[in-house]
Protein chains: 2
Amino acid sequence: MSTQPAVECSIQRTLDLVGDRWTLLILRDLFRGVRRFSRIQEDLGIAKNLLTDRLGTLVDSDIVERVPYQDRPIRHEYRLTEKGRALSPALLALMRWGDQYVSGGLAPTELVHDDCGTRLELQPWCTTCNVPVVPTDISSRPGPGRHIGTEDTRA
Amino acid sequence: MSTQPAVECSIQRTLDLVGDRWTLLILRDLFRGVRRFSRIQEDLGIAKNLLTDRLGTLVDSDIVERVPYQDRPIRHEYRLTEKGRALSPALLALMRWGDQYVSGGLAPTELVHDDCGTRLELQPWCTTCNVPVVPTDISSRPGPGRHIGTEDTRA
DNA sequence: GTTAGTCGGTTGAAAATCGCAACTGACTCC
DNA sequence: GGAGTCAGTTGCGATTTTCAACCGACTAAC
């Protein structure tokens, strides 16, 4: 029955859920407040059957919930759950990378801190040392969720 | 000639480059030090023709470079460029999300700060206030790279 | 009370992409 | 000279995606 090798990597497990060509863009729209089927569909230019399928998967995965916004006729919109909202660092990281390396440093959209208006950065942060951490100061080790054997663990 | 609507979102621009089912996993392997064609291929189980194609795209995009590691016969390995290494926050964010929401809090692999061994977190950080920022304290605004019109900008 | 329009889909067929297996070329090692 | 490794390429069937048409429930216009 279970000849399936366990996936021992959270990146892969994550991408299995949201790593296709459309899903992260759908989530981006939901973050931006575009929550209705037809709005998402026209905004992304995704085929309707695919949007149906992807939203269904997201709902099944508890990343998105389908909530009615009117009766007669009953219509639903899609909202991020807490699990879905927790993807915001990932989307922010992808966005900041695109700002820097694809948009040539000119961000099409900036995300700012409400309190002070400063544009947000996203960095690995050491909660013990209370400092930002650059890739060369990172090592990996097996965690409680099962380990991966690698030769070189430096990021 | 140019009926193409300009893509006004760095997330989309980023996903156009690395947002298919395999590319981020290939990059993860490169971060882990798996740099050779056959190693990546057997590690991921990706078809060879696809791996050839994806690595070619990554090299064209200057995210990865192809460097010889021996002559006779000449063989190359693939290494992240600075642009590629800059994707580490994105991969880390996806990994941490998977740890928390897919792996049930049990990280298969932990990334730790070399200096102190603390597991790394990834958070939006306000460089002015010097505090971490949660999604509800984030707003968006049009940046110099062209704006997006939205109804609701709250993350 | 028919007609048109909106929203959130479903269905079916064509087109694009993917996965698999076989093959290749340059070399090494025995 | 034969087997093996590595980094691919090629061809083909299987899967996915795209595109267009259609549908049901309802509203609003005439």
Report yes if a side-chain nitrogen or oxygen of [X] is closer than 4.0 Å to either non-bridging phosphate oxygen (OP1 or OP2) of [N]; otherwise report no.
{"X": "B:Trp22", "N": "C:dT17", "result": "no"}
{"X": "A:Thr52", "N": "C:dT10", "result": "yes"}
{"X": "A:Ser38", "N": "C:dG8", "result": "yes"}
{"X": "A:Arg72", "N": "D:dA28", "result": "no"}

In one Ile/Leu/Val/Met/Phe/Trp/Tyr side-chain cluster, 4.5 Å: A:Tyr101, A:Leu120:
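They do share one cluster, since a chain of ILVMFWY contacts under 4.5 Å joins A:Tyr101 to A:Leu120.
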For [X] and [N], give me the distance from atom [atom1] to atom [atom2], rounded to whole Å.
{"X": "A:Leu50", "N": "C:dA15", "atom1": "CG", "atom2": "P", "value": "18 Å"}
{"X": "B:Glu42", "N": "D:dC6", "atom1": "CD", "atom2": "C1'", "value": "11 Å"}
{"X": "A:Leu51", "N": "C:dG8", "atom1": "CG", "atom2": "P", "value": "10 Å"}
{"X": "B:Asn49", "N": "D:dC12", "atom1": "CG", "atom2": "P", "value": "14 Å"}
{"X": "B:Arg39", "N": "D:dG8", "atom1": "CZ", "atom2": "C1'", "value": "15 Å"}
{"X": "A:Arg54", "N": "C:dG9", "atom1": "CZ", "atom2": "P", "value": "15 Å"}
{"X": "B:Gln41", "N": "C:dC18", "atom1": "CD", "atom2": "P", "value": "16 Å"}
{"X": "B:Phe37", "N": "D:dC6", "atom1": "CZ", "atom2": "C1'", "value": "9 Å"}

5'-most contact on DNA chain D (nearest-nucleotide basis), A:Arg75 vs B:Asp53, goes to B:Asp53
Specify the residue among A:Pro73 and A:Lys48 whose closest nucleotide of DNA chain D lies further upstream toward the 5′ end.
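It is A:Lys48, whose closest nucleotide lies nearer the 5' terminus.
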Between CD1 of A:Ile26 and CG of A:Leu55, what distance do you get to the nearest 0.5 Å?
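The CG atom of A:Leu55 is 5.0 Å from CD1 of A:Ile26, to the nearest 0.5 Å.
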Taken to the nearest 0.5 Å, the spacing of A:Met95 CE from B:Leu15 CG works out to 12.5 Å
Presence of salt bridge, B:Asp99 and B:Arg96, under 4.0 angstrom
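So B:Arg96 pairs with B:Asp99 through a salt bridge.
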With a 4.0 Å cut-off on N to O distance, would you call B:Arg79 and B:Glu65 a salt bridge?
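So B:Arg79 does not pair with B:Glu65 through a salt bridge.
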Return the nearest nucleotide to the side chain of B:Tyr78; candidates are D:dT27, C:dG19, D:dG8.
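My answer, after comparing the listed nucleotides, is D:dG8.
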